[in-house]
Number of protein chains: 2
Amino acid sequence: MNVQSMGSPLFDTEPTDTREAIMQATYRALRTHGYAGLTIQRIGDEFPKSKSLLYHHYDGKDDLLLEFLSFMLERFEETIPDREYDDAHDHLTAIVDHAVPEDLDPERAEFRAAMVELRAQAASDTAYREHFTRNDRFFRDRFATVVARGVKEGTFREVDPDRVAAMVLATVHGAMQEEATTDGAETADVRGELRAYIESRLLPPDSPSGVVE
Amino acid sequence: MNVQSMGSPLFDTEPTDTREAIMQATYRALRTHGYAGLTIQRIGDEFPKSKSLLYHHYDGKDDLLLEFLSFMLERFEETIPDREYDDAHDHLTAIVDHAVPEDLDPERAEFRAAMVELRAQAASDTAYREHFTRNDRFFRDRFATVVARGVKEGTFREVDPDRVAAMVLATVHGAMQEEATTDGAETADVRGELRAYIESRLLPPDSPSGVVE
DNA sequence: TCCCATTGACTGAACGTTCATTCAACCCGT
DNA sequence: ACGGGTTGAATGAACGTTCAGTCAATGGGA
């Protein structure tokens, strides 16, 4: 055990300033009480200073929550695998394995549940909707780039990269939502079948997974 | 124009009793104000009788909302295509086209948005979670049955029906969530690629879509 | 047939609590 | 002694809920 005893590497690092401390407190309050129970009071309870201080740093609840959404989306986008991969198939598989993980540690599960709760607000809140529209485009573009590379280099067949990206993103979102909102989510099945989709739909007809000619 | 001037066939039919009228009012309040803004006051405003009456018919807000969830899930499950189909491929395609529709009328879009908002509550509410766990199982079983038939009759390859069902359900959920929470959802791409998945993964290697030998 | 006791649907006013927000005052490093 | 970070107390509005009471319909006993 170190300075911090067992906590999220994303959110239990000592905050550099008060605003970051408030973001972390908001996250804790969200995970503890859910979005419906997310009040200024509860956020105030989750960090050492007074709740009045929140109004010194933010215009109000809406302002605070909107910045919190940006804070969350930044961290969400950062986690995507993006190092150099030998070929597009490896890269795409890494993305799928990361987005539909084999065994999801509780901490990441909580983070993803928080994302699902936040996203649902976008159904009735225009500002939230704009954020998630941008976020989806970000991931779709990233996925499409990988697929396009695969097509160009001959790793993949001549598919439409945007269509494939939209499909993968939707499946990933669905898996995430199911995992966050049910007890019996068949995540392993989705991951397995998503891999099978890539092989049967993207890989050239003759190559049975990773064959070099 | 008829008795009812332009409204949801699901929710603007004249309610048979007060409890059903309350369910409809709750739906209207949810769509107007979002789940976060769903209060007893607002529900009361959406139907002609007094808000006190809500407490005569339900134990309280939680009780009312839980019954509303059942009410919504029943209607959600009813809509799945289930008439007799000539073969499993037709049936599965009908399901996909229904679940990821070509042009979604605003009324169904609202209903699906409501479902997305309700589902998100399951991330922090155990009772909601149980309902959605059951609901997912319902759809997964239905899908798996269709796939299993296709495998048995030779329409499909020897895939694992449960895995395929989990994949299709996740993709459908993702498409629904994206459509409800963003402005730029690429629903057409998802539908197209989901069809392509079925063809390249489920159909026998030689048959290029719907060939009878 | 009349009357009244009983019921269930329904109402308006009120309750105590919690909500987001404000503000005068205080602390403390410069 | 100045100014930004910080505080506790206070505010009115909105929340879910309660409750005494009205009203129309029902059903026996006289």
Side-chain angles (χ1 to χ4, degrees), chain A residues 14-72 114 117-118 120-122 124-128, chain B residues 13-72 114 117-118 120-121 124-128:
Chain A
E14 213 53 39
T16 63
D17 63 352
T18 304
R19 285 174 71 99
E20 194 177 313
I22 293 175
M23 293 295 99
Q24 294 185 2
T26 305
Y27 178 75
R28 262 174 266 130
L30 173 60
R31 285 328 301 143
T32 308
H33 307 284
Y35 193 91
L38 187 59
T39 70
I40 291 286
Q41 187 83 248
R42 298 249 174 79
I43 296 172
D45 291 346
E46 290 291 339
F47 90 122
K49 321 244 178 122
S50 157
K51 80 168 178 180
S52 324
L53 188 56
L54 300 177
Y55 289 93
H56 187 263
H57 288 281
Y58 298 95
D59 287 345
K61 197 192 184 188
D62 288 358
D63 182 40
L64 191 159
L65 254 39
L66 227 48
E67 171 132 344
F68 177 67
L69 179 58
S70 298
F71 174 85
M72 289 288 285
E117 285 200 76
L118 287 173
Q121 308 307 314
S124 300
D125 184 313
T126 313
Y128 273 54
Chain B
T13 56
E14 214 52 40
T16 62
D17 64 351
T18 304
R19 285 174 72 97
E20 194 177 314
I22 293 176
M23 294 293 99
Q24 295 186 2
T26 305
Y27 178 74
R28 263 175 265 130
L30 172 60
R31 285 328 300 142
T32 308
H33 306 286
Y35 193 91
L38 188 58
T39 69
I40 291 287
Q41 186 81 247
R42 297 250 175 78
I43 296 172
D45 291 347
E46 290 291 339
F47 89 123
K49 322 244 176 122
S50 158
K51 80 168 179 178
S52 322
L53 186 57
L54 301 177
Y55 288 92
H56 187 263
H57 288 282
Y58 298 95
D59 287 345
K61 197 191 183 189
D62 287 359
D63 182 40
L64 192 160
L65 255 37
L66 226 48
E67 170 132 343
F68 177 67
L69 179 58
S70 298
F71 174 85
M72 290 287 286
E117 286 200 75
L118 287 173
Q121 307 308 314
S124 302
D125 184 313
T126 313
Y128 274 54

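Note on naming: letters A, B, ... go to the chains in the order of the sequence lines (proteins, then strands), and numbering restarts at 1 for each one.
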Report task. Determine, stepwise, if the pair Y35(A) / L65(A) fulfils side-chain contact (heavy atoms from CB on, under 4.5 Å). Result -> CA-CA 10 Å; Y35(A) 193 91; L65(A) 254 39; 3.7 Å; yes
Report summary line: Rounded to 10°, the angle between the first-five-pair and last-five-pair axes of the helix from dT1(C)-dA30(D) to dT30(C)-dA1(D) is 10°
Polar atom pairs (N or O), protein with nucleotides 22-30 of chain C, under 3.5 Å:
none

Query raised in the report: Is the closest side-chain heavy-atom distance between T32(B) and E46(B) below 4.5 Å?
Result: yes
Query - Shortest non-hydrogen contact from E117(B) toward A120(A) - result: CG-O, 3.8 Å
Query raised in the report: Which of these, M23(B), Q24(B), R31(B), sits in a side chain to side chain contact (heavy atoms under 4.5 Å, CB included) with Y27(B)?
Result: R31(B)
Query raised in the report: Hey, does L30(B) have a side-chain heavy atom less than 4.5 Å from the side chain of F68(B)?
Result: yes
Requested in this report: Quick one: pull up CD1 in I40(B) and NZ in K51(B) and give me the separation to the nearest 0.5 Å.
Outcome: 8.0 Å
Query raised in the report: Rounded to whole angstrom units, what separation is found between the CG atom of L54(B) and the C1' atom of dC19(D)?
Result: 16 Å
Query raised in the report: Can you find a heavy atom in the side chain of L53(A) that is under 4.5 Å from one in the side chain of H56(A)?
Result: yes
Listing time: all N or O pairs from protein to nucleotides 2-6 of chain D that are below 3.5 Å?
| unit_1 | atom_1 | unit_2 | atom_2 | d |
| --- | --- | --- | --- | --- |
| dT6(D) | OP1 | K49(A) | NZ | 2.4 |
| dT6(D) | OP2 | T18(A) | OG1 | 3.4 |

Query raised in the report: What's the verdict on side-chain contact (heavy atoms from CB on, under 4.5 Å) for F47(B) and L54(B), showing C-alpha distance, side-chain angles and the deciding distance?
Result: CA-CA 10 Å; F47(B) 89 123; L54(B) 301 177; 3.8 Å; yes
Report summary line: In whole angstroms, the gap separating C1' of dT11(C) from CD1 of I22(B) amounts to 14 Å
Query raised in the report: For K61(A) and dA14(D), what is the distance between atoms NZ and P respectively, to the nearest whole Å?
Result: 15 Å
Query raised in the report: Rounded to whole angstrom units, what separation is found between the CG atom of D45(B) and the C1' atom of dG12(C)?
Result: 14 Å
Requested in this report: Take L118(B) and M72(B), measure what side-chain contact (heavy atoms from CB on, under 4.5 Å) needs, and give me the verdict at the end.
Outcome: CA-CA 9 Å; L118(B) 287 173; M72(B) 290 287 286; 3.9 Å; yes
Query raised in the report: Quick one: are T18(A) and H57(A) in side-chain contact, heavy atoms under 4.5 Å?
Result: yes
**Report entry** Length of the CZ-C1' vector between R42(A) and dA20(C), whole Å
**Finding:** 14 Å
Query raised in the report: Nearest-Å distance, CD (Q41(A)) to P (dT21(C))?
Result: 13 Å
Query raised in the report: Any side-chain heavy atom of F71(B) sitting closer than 4.5 Å to one from T26(B)?
Result: no
Report summary line: Atom CZ of R19(B) and atom P of dC10(C) are separated, to the nearest Å, by 12 Å
Requested in this report: Provide, to the nearest angstrom, the distance between the CG atom belonging to D63(B) and the P atom belonging to dG16(D).
Outcome: 15 Å
